[in-house]
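Scroll down for the structure; my scribbles are underneath it.
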Amino acid sequence: MKIICVGRNYSEHISELKNEVPTDPVLFMKPDSALMRSSDKFYIPEWTKDVHYEVELVVRIDRLGKNIEERFAHKYYSQISLGIDFTARDLQTELKSKGLPWEKAKAFDRSAVVGPWRDKEDYDLQNLNFSLLRNGDKVQEGNSSQMLNGIDALISYISQFFTLKIGDLIFTGTPKGVGRVEANDQLEGYLEDRKMFSVGVR
Ligand code: MG
């Protein structure tokens with residue numbers, strides 16, 4: 001199983017990190033060891049002082065595919081969830097400035113939180129609201145319509161490079177509002193009005 005993540009897929013988040021709007025989707029991966037169930041606690045690694053939350057819609061692939069046409073992409077997933085792409089921003093900034101790969105900052109153990117799975121049929125994927133609360137305050141709010149590349153376009157693009165296998169996950173990018181987590185924070189994710197997870201930070 002692999003976790004494919006999309007960077008810079010919401011324009012207001014691109015602005016807040018002062019990145020350039022990409023011409024093609026920005027992709028990176030996390031290994032299966034990065035996966036964390038949302039019922040577990042997240043422990044801030046000792047090698048970073050600046051771990052950020054990034055709430056994201058997550059899609060689970062349930063059919064093998066390569067070079068998938070966008071118009072057929074909807075056949076390759078039936079469930080969605082909400083997750084957190086934890087990011088060691090200090091290390092990522094350092095690696096980016098040196099032109100080095102991001103993996104240590106993005107793909108470390110427990111950096112990919114995934115909530116429970118929901119049938120996509122129960123939601124309007126073109127107009128899907130989601131949010132993240134930190135200690136009860138809403139810090140991130142997004143809608144799938146704000147994505148520069150929608151889910152089906154992402155599946156099509158990704159599958160040109162990487163064969164998608166059953167069980168692979170796609171993190172589809174984060175809206176604006178990312179920020180640092182501190183020990184004892186509680187991070188609650190909502191898909192529409194439904195609470196998807198409550199993750200304790202230690
Ligand atoms: Mg992200």
Side-chain angles (χ1 to χ4, degrees), residues 1-36 38 42 44-45 48 50-61 77 80-96 100-115 125 128-134 138-151 153-155 157-158 161-162 168-181 185 187-191 196-197 199 201:
M1 187 276 277
K2 56 187 176 291
I3 304 168
I4 301 152
C5 303
V6 181
R8 303 178 195 173
N9 203 24
Y10 289 80
S11 54
E12 289 179 344
H13 171 62
I14 294 172
S15 309
E16 75 180 344
L17 292 186
K18 300 184 172 60
N19 285 315
E20 280 178 30
V21 178
T23 47
D24 294 318
V26 173
L27 303 181
F28 60 94
M29 293 214 219
K30 300 185 189 236
D32 57 3
S33 48
L35 198 59
M36 180 184 127
S38 58
F42 176 76
I44 299 172
T48 173
D50 194 22
V51 172
H52 279 199
Y53 51 77
E54 294 188 357
V55 72
E56 310 200 1
L57 294 172
V58 183
V59 175
R60 181 165 65 185
I61 297 297
Y77 64 103
I80 58 168
S81 187
L82 194 67
I84 301 175
D85 165 22
F86 277 120
T87 304
R89 194 72 69 202
D90 46 358
L91 182 54
Q92 187 198 25
T93 302
E94 181 189 330
L95 293 168
K96 276 163 70 177
L100 293 171
W102 299 353
E103 270 84 350
K104 287 191 291 181
K106 279 284 197 185
F108 57 89
D109 289 354
R110 295 188 171 219
S111 60
V113 176
V114 180
L125 297 184
L128 181 54
N129 291 298
F130 61 100
S131 59
L132 186 76
L133 277 66
R134 177 183 177 224
K138 193 177 284 184
V139 287
Q140 284 193 279
E141 196 165 22
N143 183 289
S144 58
S145 65
Q146 301 162 337
M147 288 182 178
L148 298 178
N149 295 280
I151 293 171
L154 289 172
I155 287 174
Y157 183 78
I158 290 166
F161 301 91
F162 310 111
D168 286 350
L169 306 183
I170 301 175
F171 275 64
T172 58
T174 198
K176 70 171 176 181
V178 301
R180 182 183 302 173
V181 295
D185 278 356
L187 301 172
E188 294 171 288
Y190 283 83
L191 192 58
M196 295 289 280
F197 56 73
V199 173
V201 178

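Both ligands and their constituent atoms are indexed starting at 1 by order of listing.
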Check step by step if side chain to side chain donor-acceptor pair (under 3.5 Å) holds for Ser11 and Gln146.
CA-CA 8 Å; Ser11 54; Gln146 301 162 337; over 6 Å; no
Hey, which of Asp50, Asp185, Asp90, Val51 is the one that makes side chain to side chain contact (heavy atoms under 4.5 Å, CB included) with Arg180?
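Result for side chain to side chain contact (heavy atoms under 4.5 Å, CB included) with Arg180: Asp50.
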Name the residue from Asp85, Leu169, Leu35, Asp109 that meets the side chain to side chain contact (heavy atoms under 4.5 Å, CB included) definition with Lys30.
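Going through Asp85, Leu169, Leu35, Asp109 one by one, the side chain to side chain contact (heavy atoms under 4.5 Å, CB included) with Lys30 is satisfied by Asp85 alone.
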Could you tell me if Lys106 and Thr87 have a donor-acceptor pair between their side chains, going purely by distance under 3.5 Å?
yes
Thinking salt bridges, do Lys138 and Glu188 make one under a 4.0 Å N-O criterion?
no
Protein N, O or S atoms lying under 2.8 Å from the Mg ion (ligand 1), listed by chain and number
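Less than 2.8 Å away from the Mg ion (ligand 1) sit Glu54 OE1, Glu56 OE2, Asp85 OD2.
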Quick one: pull up CG in Leu133 and OH in Tyr190 and give me the separation to the nearest 0.5 Å.
6.0 Å
